[in-house]
Each structure stands twice: as structure tokens, then as C-alpha cells.
Amino acid sequence: MKKESIVPFFAALEAANPTPRTELEYTSVFELLAAVLLSAQATDVGVNKATRKLFALAGSPQAILDLGLEGLEGHIRTIGLYKDKARHLLQTCRILVEQHAGVVPRTREALQALPGVGRKTANVVLNVAFGQPTMAVDTHIFRVSNRTGLAPGKNPLAVEIQLLERVPPAYAVDAHHWLILLGRYVCQARKPRCWKCVVAPWCDFGSKTPAP
DNA sequence: ATCCCGAGGG
DNA sequence: CCCTCTGGAT
């Protein structure tokens, strides 16, 4: 993608969706952290289905701890990778209670020190909860960045660095959500719907898919 | 590089 | 059946 295409690219995304937001359901920063941790290799729809009941019963680190491993597994069993996620979330809650007074930390270092929280999850929390211009490169953002040519890096970290360099400051906070939603509903992995894509004029993707 | 792992879609 | 879904730990 040409350098001069980047501003119109994001201007088009902004025009189509002026105030993008995550589709994960949460009512506190802790619930956001838990929901993002659970969302690895899973759909938001599936995570929300489980967390709606879970958070109604246990919406704080101590309340999750009180569920115990078996109890927590019971609530998230319908989500993929649930054994690892239950164990990691419990350990994370234990650290939050014992080392952070039950409050989600605001630094990348402290976030990534939590079990089950890697670079991508930390970036999402920093962006969504604390308004920082991070680029959380998940499966959607990686694919969209490569296809469009916005950031052609060969691995998630390379793409993240390119996005941080190339996305204009005015778009840096919302870019995360625009790219995610574009990947989820338009630039899909199997069958991209190029005919309904608002950034198609600036996209490098060859042989754009026609309308059905 | 490999494992984890259920639900939904094609 | 196979692929995909807001990855992280080993």
C-alpha cells in the first residue's frame, strides 16, 4: 500500500464507524481483562455467552478465586482451551489480590507478568481500558494488515511495529477496533467480502472477490 | 515448533 | 469432514 493511501484508508473506516468499540461484554476493568484472557482462539460471541453468567456470579478477583478450579471450569467449559484458561485466570486472580490490591495494573510489564496474559492481551487492555494507542495484533489484524498491504510483516510483532510507525496519531487509538471489525465481518479468512469493503480502493489484495 | 480445545460455519 | 476464532506457555 502506498504511503499516501494510509490517511484515506483510515478516514474511510472512521466515516463508516465513527465510534468503534469492543464486542466483548464487561462492566469493569477486571471483567475486561478476564474476558480478553478467555477470548484467545475463541469468538466474542462464545466468550460473552459464558461470561454473562460467570460475571453475574463472580465479577471480582476474589469471587473468581472462591469458585475454585472446578467451579470456574464449569462456567467456561464451552470456550476452547478451557483447562489452560481456568488455571491461568485463577492464578491471575491470586496475583491481583495478593500483589495489586485486587486492581488491574496499568503497565505492560505488570500485565504481561500475569499468567495467560501475553503481549496481545496486554495491548488490548491498555487500549480499551486505558485509552493507549497500542496495536494488539491478533489473527484478524495480522490478516487484514497483510492483505491490504498496510503492514506486510511476516509475524505479529513485525506487524505491530509497522502499524505503530504507519498509523497516523489521530487514528492510533481506534485503529485496533476498525481493523478487528474489518477482519471479522468483511475481510474474512475464508471468503473475504471485498464488494462491501470501504477500504477496497486502497487495498493490495489481488483478485478482489465479486458480489454473490 | 507444538500443544491446548469447544463451538460454529462452509 | 476441515477451517476459524481478538494466543500463550512450554
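Naming convention: chains lettered A, B, ... in sequence-line order (proteins, then strands); numbering from 1 in each chain. Source: prediction; values computed, not measured.
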Return a table of donor-acceptor pairs under 3.5 angstrom between the side chains of residues 74-84 of chain A and protein atoms on other chains or two or more places apart.
{"from": "A:D84", "atom 1": "OD1", "to": "A:R87", "atom 2": "NH2", "distance (Å)": "2.5"}

Note to self: By the ring pair (Phe, Tyr, Trp, His ring centres under 6.0 Å) test, which pairs, at least two apart or in different chains, include something from residues 192-212 of chain A?
What the structure shows: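 Of all non-adjacent pairs touching residues 192-212 of chain A, none passes ring pair (Phe, Tyr, Trp, His ring centres under 6.0 Å).
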
Can you list every pair that meets ring pair (Phe, Tyr, Trp, His ring centres under 6.0 Å) and has a residue in residues 5-26 of chain A, with sequence neighbours left out?
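Those involving residues 5-26 of chain A are A:F10-A:Y171.
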
By nearest-nucleotide position on DNA chain C, the 5'-leaning member of A:A42 and A:R87 is A:A42

- In terms of hydrophobic clustering (I, L, V, M, F, W, Y; side-chain heavy atoms under 4.5 Å; direct or indirect links), are A:V117 and A:V137 co-clustered?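 In one cluster with A:V117: A:V137, no.
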
Side-chain heavy atoms under 4.5 angstrom apart, residues restricted to Ile, Leu, Val, Met, Phe, Trp, Tyr: same cluster for A:L38 and A:V45?
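Per the 4.5 Å side-chain linkage, A:L38 and A:V45 are not co-clustered.
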
Partners meeting side-chain contact (heavy atoms from CB on, under 4.5 Å) with [X] (sequence neighbours left out):
{"X": "A:S60", "value": "A:Q62, A:A63"}
{"X": "A:K196", "value": "A:V186, A:R193"}
{"X": "A:F130", "value": "A:V29, A:R106, A:V125, A:L126, A:Q132"}

Round to the nearest Å and state the distance from [X] atom [atom1] to [N] atom [atom2].
{"X": "A:N48", "N": "C:dC5", "atom1": "CG", "atom2": "C1'", "value": "13 Å"}
{"X": "A:L81", "N": "C:dT4", "atom1": "CG", "atom2": "P", "value": "16 Å"}
{"X": "A:K85", "N": "C:dG7", "atom1": "NZ", "atom2": "C1'", "value": "8 Å"}
{"X": "A:Q112", "N": "C:dG8", "atom1": "CD", "atom2": "P", "value": "8 Å"}
{"X": "A:Y82", "N": "C:dA9", "atom1": "OH", "atom2": "P", "value": "20 Å"}

With a non-hydrogen cut-off below 4.0 angstrom, is A:G116 in contact with a base, only sugar-phosphate, or nothing? sugar-phosphate

Nearest-nucleotide check on DNA chain B, A:K49 vs A:K83; residue mapping nearer the 5' end is A:K83

Comparing nearest nucleotides in DNA chain B, the 5'-proximal residue of the pair A:T78, A:K191 is A:T78

Problem - Side-chain N or O of A:T121 closer than 4.0 Å to phosphate OP1/OP2 of C:dG8 - result: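 Yes, because at least one side-chain N or O of A:T121 sits under 4.0 Å from OP1 or OP2 of C:dG8.
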
Please tabulate, for side-chain N and O atoms in residues 18-25 of chain A, each donor-acceptor pair with protein atoms closer than 3.5 Å (sequence neighbours left out).
{"from": "A:T22", "atom 1": "OG1", "to": "A:L24", "atom 2": "N", "distance (Å)": "3.1"}
{"from": "A:E23", "atom 1": "OE1", "to": "A:R184", "atom 2": "NH1", "distance (Å)": "2.5"}
{"from": "A:E23", "atom 1": "OE1", "to": "A:Y185", "atom 2": "OH", "distance (Å)": "2.7"}
{"from": "A:E23", "atom 1": "OE2", "to": "A:Y185", "atom 2": "OH", "distance (Å)": "3.1"}

For DNA chain C, the residues among residues 172-190 of chain A that have a non-hydrogen atom under 4.0 Å from it: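 Hits under 4.0 Å, by residue number: A:H176, A:I180, A:R184, A:A189, A:R190.
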
Counted 5' to 3', the first and last nucleotides of DNA chain B within 4.0 Å (strictly under) of a heavy-atom of chain A are B:dC4 to B:dG10

* Asked: When you compare B:dC5 with C:dT10, how far apart are their P atoms, in angstrom units rounded to a whole number?
  ->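 Approximately 14 Å lies between the P atom of B:dC5 and that of C:dT10.
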
At a heavy-atom distance below 4.0 Å, what parts of residues 125-160 of chain A sit against DNA chain B?
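Residues of residues 125-160 of chain A that come under 4.0 Å of DNA chain B do not exist, since none gets that close.
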
Those residues at least two apart in sequence (or on a different chain) that pass side chain to side chain donor-acceptor pair (under 3.5 Å) with A:N17 are none

Show the atom names and distances, to 0.1 Å, of all donor-acceptor pairs under 3.5 Å that link a side chain in residues 158-169 of chain A to residues at least two apart or in another chain.
{"from": "A:E160", "atom 1": "OE1", "to": "A:R119", "atom 2": "NE", "distance (Å)": "2.8"}
{"from": "A:E160", "atom 1": "OE1", "to": "A:N123", "atom 2": "ND2", "distance (Å)": "3.4"}
{"from": "A:E160", "atom 1": "OE2", "to": "A:R119", "atom 2": "NE", "distance (Å)": "3.1"}
{"from": "A:E160", "atom 1": "OE2", "to": "A:R119", "atom 2": "NH2", "distance (Å)": "2.8"}
{"from": "A:E160", "atom 1": "OE2", "to": "A:N123", "atom 2": "ND2", "distance (Å)": "3.4"}
{"from": "A:Q162", "atom 1": "OE1", "to": "A:G153", "atom 2": "N", "distance (Å)": "2.9"}
{"from": "A:R166", "atom 1": "NH1", "to": "A:L150", "atom 2": "O", "distance (Å)": "3.0"}

